[in-house]
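Structure record follows, encoded as structure tokens.
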Amino acid sequence: MLAKIAIERWQLTLILFFLLGLLGLSALFSIPRAVDPHFPIPVVNIIAIQPGADALDMEETVAKPIEDLLQGLDDVVEIESKSTDGGAIINIEFSRWSGDVDGYFDDVVREVSAIRDTLPEGLAKLEFRKVRTTEAAVIQLALVSEGASWRRMQKYADDLSDALSRYDGVREVEIHGLPQPQVVVEIDRTRLAELRIPITAVADSLRQGGAELAAGAVQSGDRRLNVDTGGAFRDLATISAIP
């Protein structure tokens with residue numbers, strides 16, 4: 001019956017198909033498109049870093065207390081954790097995909113922050129992350145060198161990041177894998193006691209010795225030269241020579 005009407009009134013059928021074609025073209029050029037379309041995911045990740053702690057310590061002192069705390073939140077479906085030497089990752093999944101994802105995230109941050117003081121003092125990092133489909137990396141570049149120092153590799157990575165950030169459509173550029181330098185200073189407490197020098201004086205000297213300080217400027221003809229005094233530590237010998 002429907003086919004008979006479409007054939008007998010072919011003019012109307014032709015107009016309807018023409019309108020459908022116009023509707024499709026309008027949708028093609030007007031509806032927003034993205035490589036990774038956004039939709040809310042009710043999952044929150046917690047990343048805890050404690051240098052020097054083994055996997056068992058991270059499980060017992062960090063991951064388990066957080067898991068026990070978050071079990072009491074509404075709409076929690078599953079909590080998973082993975083502990084390694086120096087770090088732990090806790091994933092919390094909520095049941096309502098149509099719920100308030102930002103509200104879930106705020107609840108997790110509030111509850112865990114409330115027990116922050118009961119977690120180990122050596123906890124160097126406690127980071128909360130939302131799971132987003134729009135944060136997928138479109139391009140990943142690896143910098144490899146057999147002879148360049150990590151400082152030189154950091155300079156290359158920073159330059160590349162600045163160059164990529166200038167392109168339209170680039171929202172964010174992240175650098176991963178650079179080592180974080182750390183110097184441990186051992187204090188001779190007996191010697192300090194003999195000299196009646198507080199340990200805070202040593203810390204202050206090290207802090208001031210590695211500070212970047214501006215000392216003004218010098219005018220040389222048409223050029224203005226900025227003068228710096230001090231600066232960041234470049235080697236261990238400089239740190240050892242701090243009075």
Notebook entry, point to check: Which value, rounded to the nearest 0.5 Å, describes the distance between Leu164 atom CG and Ile139 atom CD1?
Noted result: 7.5 Å
Check: Looking at Arg223 and Gln219, what are the two nearest heavy atoms and their distance?
Finding: O-NE2, 3.3 Å
Next item on the list: Look at Arg207 together with Asp204 and state whether they make a salt bridge at an N to O cut-off of under 4.0 Å.
Entry: yes
Item checked: Closest non-hydrogen atom pair, Leu192 against Val202 -> CD2-CG2, 4.0 Å
Check: Linking I/L/V/M/F/W/Y whenever their side-chain heavy atoms sit closer than 4.5 Å, directly or via other members, would Ile31 and Phe29 fall into one cluster?
Finding: no
Note to self: Under 4.5 Å between side-chain heavy atoms, counting indirect links through other Ile/Leu/Val/Met/Phe/Trp/Tyr residues: same cluster for Ile197 and Val185 or not?
What the structure shows: yes
Notebook entry, point to check: What distance do Ile41 atom CD1 and Lys130 atom NZ have between them, rounded to the nearest 0.5 Å?
Noted result: 12.5 Å
Item checked: Leu160-Trp150 co-clustered via ILVMFWY side chain contacts under 4.5 Å -> no
Notebook entry, point to check: In Å and rounded to the nearest 0.5 Å, what is the CG to CZ distance from Leu16 to Arg9?
Noted result: 11.5 Å
Checklist line | Heavy-atom donor-acceptor pair, Ser205 side chain to Ala201 backbone, under 3.5 Å | finding: yes
Side-chain donor-acceptor contacts of residues 42-55 below 3.5 Å, not counting sequence neighbours, with atom names and distances?
unit_1: Asp54; atom_1: OD1; unit_2: Leu56; atom_2: N; d: 3.3
unit_1: Asp54; atom_1: OD1; unit_2: Asp57; atom_2: N; d: 2.7

Next item on the list: Could you tell me which non-hydrogen atom of Ile90 sits nearest to which non-hydrogen atom of Ser81, and how far apart they are?
Entry: CG1-CB, 3.9 Å
Check: With sequence neighbours left out, what residues match Asp85 under side chain to side chain donor-acceptor pair (under 3.5 Å)?
Finding: none
Check: Using the ring of each side chain (for Trp, its six-membered ring), is Tyr104 parallel, tilted or perpendicular to Phe94, with breaks at 30° and 60°?
Finding: parallel
Check: Do Asp162 and Arg166 sit within salt-bridge range, that is, some charged N less than 4.0 Å from a carboxylate O?
Finding: no
Next item on the list: State, with a plain yes or no, whether a side-chain heavy atom of Leu70 is found less than 4.5 Å away from one of Val76.
Entry: no
Note to self: Starting from Phe128, can I reach Ile66 by hopping between I/L/V/M/F/W/Y residues whose side chains sit under 4.5 Å apart?
What the structure shows: yes
Check: Would you say the side-chain atoms of Ser165 pair up with the backbone N or O of Ser161, donor to acceptor, closer than 3.5 Å?
Finding: yes
Item checked: Common cluster, Leu14/Leu20, ILVMFWY with side-chain heavy-atom separation under 4.5 Å -> no
Checklist line | salt bridge (Lys or Arg N to Asp or Glu O under 4.0 Å) partners of residues 103-121, not counting sequence neighbours, each pair once | finding: Asp107-Arg110
Item checked: Pairing of Arg191 and Glu194 as salt bridge, 4.0 angstrom limit -> yes
Notebook entry, point to check: Got a sec: does the CG of Leu236 have more than 12 other heavy atoms crowding it under 6.0 Å?
Noted result: no
Next item on the list: To the nearest 0.5 Å, tell me how far Asn91 CG sits from Glu67 CD.
Entry: 10.0 Å
Next item on the list: Measure the spacing between CG of Leu28 and CG of Leu23 and express it to the nearest 0.5 Å.
Entry: 11.5 Å
Next item on the list: Any chance you could measure Met58, atom CE, to Thr84, atom OG1, to the nearest 0.5 Å?
Entry: 7.0 Å
Margin query: Looking at every non-hydrogen atom in both residues, tell me the closest pair between Glu80 and Glu78 and how far apart they are.
Written below: OE2-OE2, 2.8 Å
